[in-house]
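The figures here come from the full heavy-atom set of this structure, side chains too, leaving out hydrogens, waters and symmetry mates.
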Amino acid sequence: MSTDSWFAGRVSKRRAFAWPVGALALAAYVATLTAIAQHTAVSAFPGLPTYSLTGHVAAMVLLGCASVLVAATLWRQAHPAMAALVLAATAAGPMVLVAVPIRGSFVAPTSMDTVWWWHVVVAGCVLALLLLWTLAVVAPPAGERPPRPLLAFASDTAVFTVVAAVGFVVCWNHSWALLESVGGLPALGWALLAAGSTVAVRHANRRTCALIVASLAVAIGLMALVYLDRGGWPQVAGWEYDGMESPVVLSAQVAIVAAAGPALGIALRAVRVPRSLHPAAV
């Protein structure tokens with residue numbers, strides 16, 4: 001076996017190993033916070049009904065998997081900034097549900113949400129997990145890829161920006177009589193995730209495209225099943241304390257935007273930029 005083949009085999013095994021390890025790490029983090037929060041709620045209000053801890057953890061882990069898959073694909077396509085934006089937006093937006101009130105003192109005195117700094121701490125930890133997970137998936141030789149042609153980079157940036165802007169407006173639109181609209185951060189998170197999936201699918205191979213579409217569909221489907229299956233919002237484990245309502249992160253608008261992202265990427269696959277426009281050739 002040549003040295004290159006041996007190294008390629010090691011990299012492939014490392015990437016394969018990164019997926020279960022990353023998923024387990026995220027699951028352990030979400031489960032720990034949620035279990036503590038439910039214990040706090042039941043201790044303060046004996047007999048309080050609780051929601052599905054397993055379902056909540058599974059939904060957050062699948063959403064994390066989808067975001068890492070999109071970010072890793074973008075990273076391999078020489079779009080590290082887009083990848084980082086997707087991860088940060090997912091951690092602070094749709095995964096805001098992880099910031100459950102593990103103590104009564106974490107409940108904000110002027111609202112039915114937790115204090116702002118607790119959201120920052122939890123989102124920071126989630127982002128660190130997602131980023132490490134992504135870096136493990138895009139192990140070398142991903143960093144040795146040549147830079148993307150200048151016009152192609154500009155085209156991808158324009159597509160990402162437009163899809164993110166339109167997706168945000170759609171997700172945060174309160175005039176639709178479908179489901180309750182999501183908040184600002186969840187709307188931005190879903191919009192950037194959809195924009196990232198558009199660019200990722202635009203240049204990825206068919207197998208990766210299928211994985212991105214399937215991961216987003218399964219994640220949103222499970223979230224709908226876990227959080228909306230018993231009469232509507234809220235149905236999120238860990239947010240039972242004193243009648244608190246968890247942040248709204250899912251709506252019909254969200255499902256439309258999430259589906260439109262990969263669909264637009266598939267439609268744009270026919271648009272190609274000539275290699276002669278590579279900056280080195282100008």
Return yes if some donor-acceptor pair links the side-chain N/O of [X] with the main-chain N/O of [Y] below 3.5 Å, else return no.
X	Y	value
D242	M244	no
S197	A194	yes
R202	I266	no
T40	I102	yes
T34	A31	no
Q38	T50	no
E240	G238	yes
S215	A66	no
R103	A37	no

Consider only side-chain heavy atoms of I, L, V, M, F, W and Y, link residues closer than 4.5 Å, and tell whether [X] and [Y] are in one cluster.
X	Y	value
L225	I220	yes
L132	V137	no
V170	V162	yes
V70	V61	yes
L62	L97	yes

V115 vs V107, side chain to side chain contact (heavy atoms under 4.5 Å, CB included): CA-CA, chis, key distance, verdict:
CA-CA 6 Å; V115 290; V107 178; over 6 Å; no
State the [atom1]-[atom2] distance between [X] and [Y], to the nearest 0.5 angstrom.
X	Y	atom1	atom2	value
M95	L26	CE	CG	4.5 Å
W116	T114	CH2	OG1	12.0 Å
T73	L211	OG1	CG	8.5 Å
R206	R269	CZ	CZ	7.5 Å

Taking the side chain as every heavy atom from C-beta outward, state whether [X] and [Y] have any pair of such atoms under 4.5 Å apart.
X	Y	result
W133	L87	no
M82	T157	yes
L216	L193	yes
V122	Y29	yes
Y51	V226	no
Q253	W190	no
F153	H79	yes
W19	L69	yes

Shortest non-hydrogen contact from [X] toward [Y]:
X	Y	result
L48	V42	O-CG2, 4.3 Å
F168	G184	CE1-O, 3.6 Å
G189	P94	CA-CD, 3.8 Å
M60	V98	SD-CG2, 3.9 Å
A237	S52	CB-O, 3.5 Å
A91	L130	CB-CD1, 4.4 Å

Between I212 and R207, is the side chain to side chain contact (heavy atoms under 4.5 Å, CB included) condition met? List the steps.
CA-CA 9 Å; I212 290 175; R207 179 183 177 185; over 6 Å; no
For the pair W239 and H119, name the ring-plane relationship: parallel under 30°, tilted 30 to 60°, perpendicular over 60°.
parallel
For the residue pair F106 and W117, does the interplanar ring angle fall in the parallel (under 30°), tilted (30 to 60°) or perpendicular (over 60°) class?
perpendicular
Mark yes when over 12 heavy atoms from residues, nucleotides or ligands other than F45 sit less than 6.0 Å from its CZ; otherwise mark no.
yes
Evaluate the criterion side chain to side chain contact (heavy atoms under 4.5 Å, CB included) for residue pair L250 and V182; output intermediate values, then yes/no.
CA-CA 6 Å; L250 195 62; V182 300; 5.6 Å; no
